[in-house]
Amino acid sequence: VGGETDQALWRRAAAGEPEAFGLLYERHARAIYNYLFRRCGDWSLAEDLTSVVFLEAYRRRRSVVIAEGKVLPWLYGVATNVVRNQHRSLRRYADALKRVPPPAPVLGIAGEVADRLDAQRRMRAILAVLDRLHESDKDVLALCVWSQLSYEEAAAALGVPVGTVRSRLSRARRRLTELVDAGGHELDAVTTEEA
Amino acid sequence: MTFAPTPEFDLPSGRLSIRKEHLVAEITVLGGRPRAVTRRWPKFALAMTLLVLAGSVANVAFGLGLGGRLHDLVAGKPAPPPIEERLRNEALAERLVPLFAGKPVAEVDKAHGVMAIATSQGPVALWTVPTGGGPVCYLVEFVRLSERAGEPRGDSRCTGRPSPRATFEWALTTQGGLRIVSGYLADNVESLWLRSPEGAMDPVATAERFFLAEVPGQLEGYALIARDVRGAEIRRFEITDFMARVQDERQRKMTGPARTVIETTDSRGRPLRLLLRPSERGETCVIIEGNGGSVGCGKLSELRVAEGVRVHPALRGSIVFLEGSVGPEIATLTLEYEDGSRADVPIVERFVLFSIEREHFREGTRPLWLIGRDRAGREVAREQVGHGVFGPKSAIWLPGDVSP
């Protein structure tokens, strides 16, 4: 989406150019949307929450932390807070969400719909297991493993030291291993040493 | 079950552009939204409630004035002994600073209340003590906290008298979610205003050239504006916290959040921290927070000494602490005082931040040697601690050894 850096777009957006914010949305919506889906296990909710993340990001536009020219880690941080407090977040932007035009009827993409439903079913089963992890460990796992943020980026997203990210991830892996030992689950994506 | 992430999908067909248009429309409205006209009323109602509470506590007559001021809660009243003590200590300690060394000490019998304001967390009062030609010393007291603790709770400070050019001195005190700006106005300031991010101007309570105000919500976007007798703006300060000021003053972009490396307390029990914050060009800023702040930025390799001990005493207000770094060969650091006593000085990531207790301000008890040892316990470095921060003997204040 365009050649302008995140930083330049953000500066323009913060200076009152909503179109620049629209470009940032276009650039990062997919990543945030998928992250939110993996946190809540519901595509439709993830779509609404994606809007909430960007509205919330705009509200906090003066406190944005752009690490190495990238705004995505910070957006992940906002998304993490939004998903944690999703009821409050949705309530705050309820009026705005009511103004989103309803989805048009979907035609001719039955395969994708089936894939989405399958993903949703799978994700909910995974989340049921992950619910037994500490919330902060879950955040780190989702950011580092599923969204493939580096430790530094995850630290920036969560506002914690890099060492904390490492220790939380290690604890999450250890706990998952215990859960797997108890329940016979596979751990192919969370037992790799580096995210 | 596999914990592998599910495949990624785009937003459903057409939804990306619909959502984007919606977002742009929403923030266009948000950007131009005027301040809600009803916003002042809850504050007013709250202030009235607090007035009743404050009045019942203080058993005084009261009224609401400019900036939510509680006129008679403390104004002109002699300071209670614990507050008197805090102010006296603050003023006397200020004599450590060369500018005020030798100035008359606080006129403790004239310590008195200046004003109080209603805030979202109960009344906040400002007390002062005259110091002759010395510094302006005052205490911002969180009345409700004091009542709970049975002793004054708040921040005391001394500052120089602002010149007409400087216009006013100000400080930000935070307590829980409460943010209080306070300070002292130069003679050429007729009124002070708090400007909200939406552009609303609220008068700030002033008395005896002091001012006191609550900053509602987040700090960003708020400003203090001083006007002269004709109503012309003569000075404006954006209200920011220290971290943001670091960023502004150094004109250096911070690229990540600050990380606390050392957290301790100063000799008055207040937080004293050393933080590292990544900044542009791969540099790092070392920030010392405590009774104000300082910052130094550069490559991490330049911020820490290559070998040996480079730790110096620093004076901030009435606080003395050791700050600096040690080489990688130093495993432990011991501080030896003039009286022969010793203390272990923690080293974290080769940085050092160590508060000197007041009992070691006195000549004969001051810090003398810093001794670095390697992992085997062998002494590999020895640095003498300078005494410049303690000033001339006559300027040293210790509890109980000065009778104002």
Side-chain angles (χ1 to χ4, degrees), chain A residues 13 16 18-19 21-22 25-26 29-31 33-34 37-38 43 47 50-51 54-55 58-59 62-63 65-69 93 96 99-101 103-104 106 109 112 115-116 118-120 122-123 125-126 129-130 145-147 152 155-156 159-162 176 183-190, chain B residues 1-33 197 217-222 238-241 243-244 247-248 253-263 275-283 348-349:
Chain A
E19 281 305 328
F21 203 72
Y25 175 83
E26 225 170 286
R30 180 187 160 103
Y33 173 58
N34 281 282
F37 166 69
R38 287 164 181 165
W43 288 112
E47 189 182 324
T50 304
S51 287
F54 281 86
L55 286 166
Y58 184 76
R59 191 176 75 85
R62 290 187 183 128
S63 59
V65 178
I66 298 182
E68 293 168 6
Y93 294 103
R99 290 189 284 268
V100 179
V106 180
I109 49 169
E112 186 186 321
D115 287 346
R116 280 178 184 270
D118 183 48
Q120 192 158 289
R122 219 175 101 208
M123 206 61 232
I126 292 172
V129 176
L130 294 193
V145 179
W146 291 339
S147 296
E152 289 73 19
V160 298
V162 177
L176 276 175
H185 308 295
E186 295 171 44
L187 274 182
D188 50 357
V190 289
Chain B
M1 176 188 286
T2 172
F3 287 90
T6 50
E8 292 212 340
F9 288 92
D10 283 322
L11 266 79
S13 176
R15 299 299 289 165
L16 182 75
S17 56
I18 288 171
R19 288 278 180 174
K20 180 188 155 190
E21 280 167 27
H22 167 256
L23 181 73
V24 169
E26 288 295 328
I27 65 174
T28 303
V29 174
L30 279 176
R33 183 171 290 165
Q218 297 301 312
L219 295 175
E220 65 173 348
Y222 279 92
E238 298 294 331
I239 301 173
T240 53
D241 63 14
M243 296 299 282
Q247 188 163 338
D248 290 343
K253 286 191 188 69
M254 300 293 168
T255 56
R259 178 168 66 87
T260 302
V261 175
I262 300 176
E263 180 150 18
L275 305 102
L276 295 183
R277 192 165 188 192
S279 71
E280 58 188 346
R281 299 192 296 274
E283 294 186 345
V348 184
E349 296 179 31

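In what follows, chains are A, B, ... by sequence order, proteins preceding strands, each numbered from 1. We use all heavy atoms of the structure for the numbers below, so side chains are in, but hydrogens, waters and symmetry mates are not.
Inter-residue side-chain proximity for Phe21(A) and Leu23(B) is flagged as met; some heavy-atom pair is nearer than 4.5 Å. Side-chain contact between Glu19(A) and Val24(B) is present, with heavy atoms from C-beta onward closer than 4.5 Å. Between Phe9(B) and Trp43(A), some side-chain heavy-atom pair lies under the 4.5 Å cut-off.
The line from CG of Leu16(B) to CD of Glu47(A) is 9.5 Å long, rounded to the nearest 0.5 Å. Atom NE2 of residue His22(B) and atom CZ of residue Phe54(A) lie 13.5 Å apart, to the nearest 0.5 angstrom.
The minimum heavy-atom distance linking Leu11(B) with Ala29(A) is given by the pair CD1-O, 4.3 Å. A pairwise comparison of heavy atoms in Gly159(A) and Pro257(B) identifies CA-CG, 4.3 Å as the closest pair.
Heavy atoms closer than 4.5 Å to chain B are found in the side chain of Tyr33(A), but not in its backbone. When heavy atoms are compared at a cutoff of 4.5 Å, Arg259(B) approaches chain A solely by way of its side chain, counted from C-beta outward.
A donor-acceptor contact shorter than 3.5 Å is absent between the side chain of Asp10(B) and the backbone of Arg30(A).
Taking Ser147(A), Ala31(A), Ser51(A) one by one and counting their heavy-atom pairs under 4.5 Å with chain B, the maximum is reached by Ser51(A).
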